[in-house]
A.B. asks: 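Have a look at this one before I ask anything.
Each chain gets a letter, A, B and so on, in the order its sequence line appears, and its residues count up from 1. Any value given below was found using the heavy atoms of this structure, including those in side chains, with hydrogens, waters and symmetry copies removed.
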Amino acid sequence: MKKINFAKIEKKWQGRWAKAKCFQVKEGKKKKYYVLEMYPYPSASGLHMGHAFNYTIGDVYARFKRMNGFNVLYPMGFDSFGLPAENAAIKAKSHPKKFTEKAISNYVKQMKELGLSYDWSRLIMSHKPDYYKWDQWIFLQMLKKGLVYKKESPVNWCPKCRTVLANEQVHNGKCEYHGDTDVQIKHLNQWYLKITDYAEELNNFKRLEGWPDEIKKLQKNWIGKSYGTDIYFKLYGTNKLLPSFTTRCDTIYSVTFLAIAPEHPLLNELVRGVKDEKKIKDFAQKLARESLADRVNEEKVKKGIFTGKYALNPVNNEKIPIYVTNFALMYGSGIVMCDAHDKRDFRFAKKYKIPLKFVISKDGRKVDANKSAEAYVDDGILFNSGKFSSMKNKEALPKMANWLEKNRWGKKVINYKLKDWLISRQRFWGTPIPIVYCDKCGVVPVPESQLPVKLPDTVKLGKGNPLKTTLSFINTKCPKCKGKAKRETDTMDTFVNSSWYYLRYCDPKNKRAIFDKKKAGYWVPVDMYIGGREHACMHLIYIRFYTKFLRDIGLLKINEPALRLFNQGMLHGPDGEKMSKSKGNVVLPEQVSKKYGIDTARLFLVSLASPDKDIDWSEKGIQGSLKFIKKVIIYFNKVKVKKSSARIESKVNKVILEITDDIENLRYNLAVIKIRGLFDSFEKEREIGKKDLESFLKMFSVFCPHIAEELWSGVGEKEFVSLSDWPVADEKKINKKFEREEEILSITVNDIINIKRLAMIKKPKAYIYHLSGETNLFRNNKDFLSTASGAIVVPFAVNDKKKHDPEGKSKKAKAGKPAIYLE
RNA sequence: GCGGAGAUACCGAAGCGGUCAAACGGGACAGGUUUAGGACCUGUUGGCUCAGUGCCUUCAGAGGUUCGAAUCCUCUUCUCCGCACCA
């Protein structure tokens with residue numbers, strides 16, 4: 001056979017789909033289905049096979065739903081703000097926009113070559129002013145609702161990114177993008193979104209049945225809801241209360257000192273006038289400057305200094321020293337009560353010779369902590385704990401919390417690990433924060449009518465934030481008093497852009513509103529959201545937050561952005577490692593499709609394993625897919641289109657049911673196996689009915705759309721297979737009898753071959769003796785048995801008097817298992 | 001430390017109480033076909049037995065539940081991945 005010209009076929013159908021606007025959709029009466037893949041950052045290096053894998057998963061699903069009669073919204077866009085483009089622009093002394101748009105056009109071209117059925121008329125790009133205008137608009141709406149504030153506080157600063165980072169972007173004290181760089185703590189005046197107002201609702205996962213448990217657990221962990229008590233220690237000699245959050249109020253009688261975070265806003269006031277004021281402050285500053293990695297590291301010895309001040313334990317009025325320590329973070333109240341029942345507190349106390357007291361032991365017997373070498377962290381029985389002595393500490397805990405509250409020594413509180421979202425970035429390539437500073441009027445939001453605040457087209461990129469030196473950007477008029485004013489130069493975190501993009505797809509060209517409520521109302525929520533697990537604690541929390549906010553201002557009626565979330569696996573390089581340029585194991589779709597055709601690649605990616613599993617690219621593996629596709633093409637070129645046997649009809653209809661179910665549940669690998677199996681059955685038949693051939697092509701088309709279109713037109717169809725109706729199984733035609741017969745035949749073939757080998761007869765005659773009820777089966781399939789087994793098959797019924805049976809084998813025949821004699 | 005996912009024949013990967021020596025693909029091997037093939041077709045691929053229908057040992061390891069377990073339970077080992085001085 002001639003070599004298949006994949007490129008020609010692909011180009012042809014991509015062109016026809018585009019021309020016929022096959023995949024463009026409008027709101028309508030039909031039931032909608034919204035398939036969405038997380039939109040990518042358009043990196044300069046373009047798409048690799050891993051992206052192709054990801055988008056193929058969505059494309060198969062979109063095609064499947066479309067053929068099943070849904071009005072399918074399947075859009076694509078680009079998360080096109082971000083540091084890499086800016087850094088590239090700095091290097092090349094150019095503008096990031098240039099880089100970004102070049103990368104995007106490259107991406108679009110590549111995506112089209114993958115045969116993805118996007119509605120390109122809805123393309124969005126977050127770096128475009130008509131998109132980020134609405135980032136700014138949402139910011140202003142949040143401001144109105146009191147969900148935006150600016151505050152000076154200690155923030156994470158990455159010296160390499162030269163910007164602050166959100167908590168979510170700091171991992172183990174290192175920058176997410178620069179794993180080798182410690183994040184520094186800086187005190188800066190920054191903009192925050194009050195996501196914590198939604199902490200409680202975000203922690204409710206009841207409406208996310210369609211999301212993987214894994215993701216929900218990660219989010220729950222991240223939100224970190226904990227029940228505890230704020231205990232009010234009185235600053236000695238004053239009436240000032242120092243609240244200290246604890247989940248272990250059962251150890252209150254064990255407390256022998258307080259620890260305060262070095263960056264605590266109260267610290268300056270606290271040490272004012274004490275003997276070593278300067279020394280303490282300097283030390284605290286030193287501690288605060290330590291990298292989070294060091295402070296968070298379990299192995300490093302903790303440091304601290306006595307503040308010279310004391311506090312009173314409310315339950316027993318004991319006077320206890322207050323220390324500044326690096327292990328106290330600005331979590332909870334930033335003040336920690338410390339006792340002998342915590343490893344870290346214990347070690348610290350030993351180091352600084354602070355006395356310790358145990359109040360729990362295994363059996364309730366009194367134990368002296370100062371004589372112990374380590375903390376007692378297990379549960380046990382309380383002692384020296386007032387009226388709670390001799391109770392189990394676990395049981396006493398809730399009672400003690402109530403008791404503290406009743407005596408006004410404390411208050412039961414719920415604490416979240418989730419913090420407000422710091423969105424300020426000191427970089428150029430992001431959405432400008434729509435704020436103006438006026439000497440007279442102070443902080444003034446830019447009025448909606450003046451949006452968007454656009455990024456300047458000409459800037460001097462270089463050190464620091466170029467907006468700071470672009471006078472045409474900074475200098476403006478105060479919207480209130482029309483006097484001279486300066487613009488905010490910080491831009492927004494790019495995660496802001498991706499927090500609502502799925503809504504803009506519903507109405508991407510709207511100039512007057514963020515989106516039309518009716519249109520969005522038709523399309524949202526997303527029915528199938530596809531993306532990586534790594535977004536569990538960032539994007540997927542933010543997008544939920546934005547959805548809830550937009551609901552609360554009346555724009556949406558939904559509570560969650562997506563009904564179903566699917567985390568695809570990662571495609572590794574042939575070496576089993578994560579694909580990366582530096583490792584040199586990146587596989588490019590262009591190379592692959594040139595050699596094998598893109599449909600072959602799609603089929604291979606999807607048949608290797610379940611799509612949620614990580615897989616390794618394999619040059620060898622793809623050969624199997626190529627072989628199959630070739631066979632299909634050859635077959636369709638010579639198939640006799642007539643009428644299917646009842647056996648084939650049974651098989652087709654059975655397999656339709658199975659494949660439909662498999663694809664619905666994203667078990668593409670199993671669906672492909674069944675498609676292959678169906679094809680194998682076709683090949684064994686002399687002729688096939690058109691309807692069955694078409695059912696095959698339809699199912700095949702979601703995986704291999706170009707080849708399917710080609711063959712579809714080959715069987716005389718004028719319309720697109722991509723827009724045809726998914727086959728419906730005629731269950732009446734499914735007959736188990738045929739399966740059983742097929743099984744009998746294949747066992748018989750195996751048996752003949754087996755005996756042939758053992759008897760070492762090359763081209764034997766095979767006399768088979770079947771029970772009399774199976775006469776038709778064996779007679780009708782005599783030819784099939786002969787070709788398949790490589791013997792000349794002569795069937796006899798057991799009771800046939802004229803049968804040739806020199807060794808009396810026919811006695812061995814069983815139902816479905818004929819006896820065999822070779823010669 | 002806490003939390004999650006997993007361990008299946010040479011490899012990848014289905015199976016998730018009986019129909020399981022375990023789908024399917026890759027590889028390897030054998031045979032056929034062909035001028036020749038890395039192309040195509042057919043078969044084999046746990047062990048034993050053998051002119052096929054049989055038997056035995058397997059699904060990380062050890063126990064257990066059951067008439068019956070790759071599948072359910074318990075513990076152990078190993079791998080991967082999140083979170084982590086969270087008070």
A.B. asks: Looking at Ala328(A), is its backbone amide N or carbonyl O close enough to the side chain of Thr325(A) to form a donor-acceptor pair, meaning the two atoms are under 3.5 Å apart?
C.D. replies: yes

A.B. asks: Using the ring centroid of each side chain, check whether Phe348(A) and Phe257(A) are separated by less than 6.0 Å.
C.D. replies: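 So the answer is yes for these two rings.
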
A.B. asks: Work out how far the P atom of A28(B) is from that of U19(B), and round it to whole angstrom.
C.D. replies: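 A28(B) and U19(B) have their P atoms separated by 33 Å.
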
A.B. asks: Mind checking if Ala328(A) touches a base, just sugar-phosphate, or nothing, with heavy atoms under 4.0 Å?
C.D. replies: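 Result for Ala328(A) = base.
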
A.B. asks: Counting side-chain heavy atoms from CB outward, which of A51(B), C41(B), A87(B) is closest to Tyr821(A)?
C.D. replies: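 Nearest listed nucleotide: A51(B).
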
A.B. asks: Write down the distance between CZ (Phe327(A)) and C1' (A87(B)), rounded to a whole number of angstrom.
C.D. replies: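 Interatomic distance, CZ of Phe327(A) to C1' of A87(B): 9 Å.
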
A.B. asks: Take the protein atom CD1 of Ile215(A) and the nucleotide atom P of C83(B), then report the distance between them rounded to whole Å.
C.D. replies: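 So the two atoms are 12 Å apart, to the nearest Å.
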
A.B. asks: Is Lys343(A) touching bases, backbone alone, or none of the nucleic acid, heavy atoms closer than 4.0 Å?
C.D. replies: nothing

A.B. asks: Rounded to the Å, how far apart are Lys220(A) NZ and A84(B) P?
C.D. replies: 18 Å

A.B. asks: Is the shortest distance from a Lys or Arg side-chain nitrogen in Lys394(A) or Asp250(A) to a carboxylate oxygen in the other one below 4.0 Å?
C.D. replies: no

A.B. asks: From A87(B), G82(B), G4(B), pick the nucleotide closest to the side chain of Glu214(A)?
C.D. replies: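 Comparing A87(B), G82(B), G4(B) against the side chain of Glu214(A), the answer is G4(B).
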
A.B. asks: Would you indicate what Ser244(A) reaches in the nucleic acid, counting non-hydrogen atoms under 4.0 angstrom: base, sugar-phosphate, or nothing?
C.D. replies: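 If one applies the 4.0 Å heavy-atom cut-off, Ser244(A) turns out to touch nothing in the nucleic acid.
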
A.B. asks: For Asp616(A) and G26(B), what is the distance between atoms CG and C1' respectively, to the nearest whole Å?
C.D. replies: 13 Å

A.B. asks: List the steps, then state whether side chain to side chain donor-acceptor pair (under 3.5 Å) holds for Thr196(A) with Asp420(A).
C.D. replies: CA-CA 6 Å; Thr196(A) 51; Asp420(A) 281 338; 2.5 Å; yes

A.B. asks: Among A84(B), C41(B), A51(B), find the nucleotide with the atom closest to the side chain of Trp222(A).
C.D. replies: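 Closest nucleotide among those given: A84(B).
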
A.B. asks: Which value, in whole Å, describes the distance between the C1' atoms of nucleotides U65(B) and C75(B)?
C.D. replies: 15 Å

A.B. asks: Give one of base, sugar-phosphate or nothing for Gly624(A), where a contact means two heavy atoms less than 4.0 Å apart.
C.D. replies: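 If one applies the 4.0 Å heavy-atom cut-off, Gly624(A) turns out to touch the sugar-phosphate alone, with no base involved.
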
A.B. asks: Please work out if Phe628(A) contacts a base, only the sugar-phosphate, or nothing of the nucleic acid, heavy-atom cut-off 4.0 Å.
C.D. replies: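 Touches nothing.
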
A.B. asks: Looking at every strand, decide which applies to Arg676(A) at a 4.0 Å heavy-atom threshold: base, sugar-phosphate, or nothing.
C.D. replies: sugar-phosphate

A.B. asks: With heavy atoms under 4.0 Å as the rule, sort Lys417(A) into base, sugar-phosphate or nothing.
C.D. replies: base

A.B. asks: Mind checking if Ala819(A) touches a base, just sugar-phosphate, or nothing, with heavy atoms under 4.0 Å?
C.D. replies: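 Ala819(A): base contact, heavy atoms under 4.0 Å.
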
A.B. asks: With sugar-phosphate meaning primed atoms plus P, OP1 and OP2, does Pro818(A) contact a base, only sugar-phosphate, or nothing at under 4.0 Å between heavy atoms?
C.D. replies: base

A.B. asks: Closest approach to the side chain of Lys217(A), judged atom by atom: which nucleotide of A87(B), G4(B), G26(B) is it?
C.D. replies: G4(B)

A.B. asks: So, do Phe205(A) and Trp211(A) have ring centers that fall under 6.0 Å from each other?
C.D. replies: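 Not close enough - the centres of the two rings lie 6.0 Å or further apart.
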
A.B. asks: Please state whether the phosphate of A87(B), meaning OP1 or OP2, lies under 4.0 angstrom from any side-chain nitrogen or oxygen of Thr247(A).
C.D. replies: yes

A.B. asks: Picking from A87(B), G12(B), G26(B), which would you name as closest to the side chain of Lys627(A)?
C.D. replies: G26(B)

A.B. asks: Under 3.5 Å, is there a donor-acceptor pair between the Asn54(A) and Gln568(A) side chains?
C.D. replies: yes

A.B. asks: State whether Lys419(A) places a side-chain N or O below 4.0 Å from either non-bridging phosphate oxygen (OP1 or OP2) of C86(B).
C.D. replies: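 For C86(B), neither OP1 nor OP2 has a side-chain N or O of Lys419(A) closer than 4.0 Å.
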
A.B. asks: G43(B) P sits how many Å from Ile752(A) CD1, rounded?
C.D. replies: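 Spelled out: CD1 on Ile752(A) to P on G43(B) is 12 Å.
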
A.B. asks: Identify whether any heavy atom of Leu218(A) sits under 4.0 Å from a base atom; if not, whether one sits that close to sugar-phosphate; answer base, sugar-phosphate or nothing.
C.D. replies: sugar-phosphate

